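For reference, the structure is listed below as structure tokens.
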Amino acid sequence: MKYFLTFLFVFVVLGAFAQEKLVITHGPYLQHLGENGVTIIWTTNKNAVSWVELAPDDNTHFYLKERPKYFSAEYGFKDVSTLHIIRLSNLTPGTTYRYRVYSQEVLSHQGTKVQYGTVAATNVYSAKPLKFTTVDSAKEKDISFVMVNDIHGRSDLLENLLMKGDHTTADFIFFNGDMVSDMQSEEQLFSGFMDKAVDLFAKEKPMYYARGNHETRGNFANTFPKYFASPSGKLYYLLCRGPVCFVVLDCGEDKPDSDMEYSGIVAFDQYRDAERDWLREAIKSPEFINAPFKVTIVHMPPFGGWHGEDEVWSKFVPLLNEAKIDVMLCGHMHKHMNQQSGNGINFPVLVNSNNAVVRAEATSTLLDLKVISEKGEQVDQIQLKK
Ligand SMILES: [Fe+2]
């Protein structure tokens, strides 16, 4: 009897699983939106092949005709995965596109035979199709952005801070590290902050990541970078938009690599050496040199006395001084700090607290940074003029 009940239970559970429909579990969200391309990412509950259908932003119905498909594929093969990452390229600058993401379950692949299951897609029938607009560098004279950091999985606070920073009117958003306290799973990444970001803006507006020292911890830490495409393909990159060129840096861990917390599995000194070598070349690029404002985004500030902070100071600051950085925006300290240039750092360092948001507007002559608390009060303001 016991064996029969166990068999029945397994049968029912397996049966339920087999009948579970394919669904989009998280996303879609935009990454690395440029003049000619954008990356769109989403996840499904089961293995699937995936594509994005793209339509112009005209008055036609999405169902007017078959729209061009962009597949998640590598080496000529469609990817079969629960994580779907599709780069759309050869787009026209300054153009609004409508899109639908689409997945089809792959039940089995044996030899040359593939068996497919159900499909899942974003809604273009009873809801407006999702949209994005490519960048037009020639026309982008002014930009605005919002920066939050040290959310540590408090997604309600993330929503409040984004609202206080008036994110709907900003061009893009920076997540400056420690968005969760560690990276144990995909589920944690989304429940901690990305589901909220998707709800609020990320389907149609891009966000950019500067990794904090907490995203480096946990079994999922190695996988996490796949979920965030950057302009360089690395976790450090240049992002030039309008009058500002951002140097986004990855500070790595805060303690020495040999600390017992890392169990001998990290090599961040070596990583920051390679990042310094990249930075030395990046600041020579014409787009960086010609930008009216040069802003560094990095989670840990170059002070505080811990090893990681000391590395930011010794490996990056000399190059950033040489590059004539206007301001560095940090988090990590969980308190507000506005440190003027001095002590070998030739630019002000704004440390945003874990309960405030930075709202910024930039023209070719003025960079205006406001720090706003979770209650909506202005905590500080920095205005840099050219
Ligand atoms: Fe931190």
Side-chain angles (χ1 to χ4, degrees), residues 146-158 161-162 165 173-184 188-189 191-194 196-197 207-222 224-225 227-228 230 234-237 246-263 265-269 271-272 275 295-317 320 327-339 345 349-358 371 373-374 379-380:
V146 165
M147 184 189 89
V148 290
N149 48 274
D150 298 279
I151 294 298
H152 288 280
R154 300 169 297 166
S155 67
D156 289 344
L157 175 72
L158 173 63
L161 291 177
L162 288 173
I173 319 290
F174 281 111
F175 288 168
N176 195 356
D178 289 5
M179 298 300 287
V180 282
S181 295
D182 54 21
M183 276 286 174
Q184 300 287 359
Q188 185 190 8
L189 184 161
S191 63
F193 63 99
M194 267 318 283
K196 184 64 79 179
M207 47 119 317
Y208 291 88
Y209 222 115
R211 183 168 70 164
N213 57 305
H214 280 267
E215 280 91 355
T216 61
R217 298 173 190 175
N219 294 332
F220 194 67
N222 259 351
F224 148 84
Y227 289 72
F228 299 98
S230 87
K234 296 181 187 298
L235 295 173
Y236 43 86
Y237 48 92
F246 299 91
V247 185
V248 180
L249 296 176
D250 180 2
C251 61
E253 267 294 357
D254 55 357
K255 294 177 273 301
D257 287 346
S258 57
D259 191 84
M260 63 179 178
E261 188 161 2
Y262 312 139
S263 305
I265 204 68
V266 304
F268 279 108
D269 284 356
Y271 178 79
R272 283 179 293 243
E275 188 173 348
V295 175
T296 300
I297 309 272
V298 60
H299 175 72
M300 287 198 287
F303 47 76
W306 289 39
H307 178 70
E309 296 154 348
D310 195 55
E311 287 259 297
V312 173
W313 182 78
S314 64
K315 290 183 177 170
F316 303 149
V317 166
L320 297 172
V327 64
M328 177 184 268
L329 305 180
C330 303
H332 186 59
M333 309 300 267
H334 290 207
K335 64 179 178 182
H336 174 73
M337 300 170 76
N338 179 351
Q339 180 171 296
I345 304 171
V349 179
L350 174 64
V351 176
N352 185 40
S353 85
N354 56 334
N355 294 312
V357 55
V358 175
V371 182
S373 76
E374 59 185 320
V379 175
D380 202 353

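Bear in mind the structure is a predicted one, so any value in this text is a computation, not a measurement. Atoms within a ligand are numbered from 1 in the order they appear, just like the ligands themselves.
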The Fe ion (ligand 1) to nearest N/O/S of Met300 less than 2.8 Å: no

How are the rings of Tyr209 and Phe193 set relative to one another: parallel (under 30°), tilted (30 to 60°) or perpendicular (over 60°)? perpendicular

Cation over ring, Arg211 on Tyr271, under 6.0 Å and within 45°? yes

Under 2.8 Å from the Fe ion (ligand 1), is there any N, O or S atom belonging to His299? yes

Would you give the length of the straight line joining atom OG of Ser181 to atom NE2 of His152, rounded to the nearest 0.5 angstrom? 5.0 Å

Of the backbone and side-chain N, O or S atoms of His332, does one lie nearer to the Fe ion (ligand 1) than 2.8 Å? yes

If I take atom NE2 from residue His214 and atom CD from residue Glu253, how far apart are they, to the nearest 0.5 angstrom? 7.5 Å

Checking only N/O/S atoms, does Asp178 have one that is under 2.8 Å from the Fe ion (ligand 1)? yes

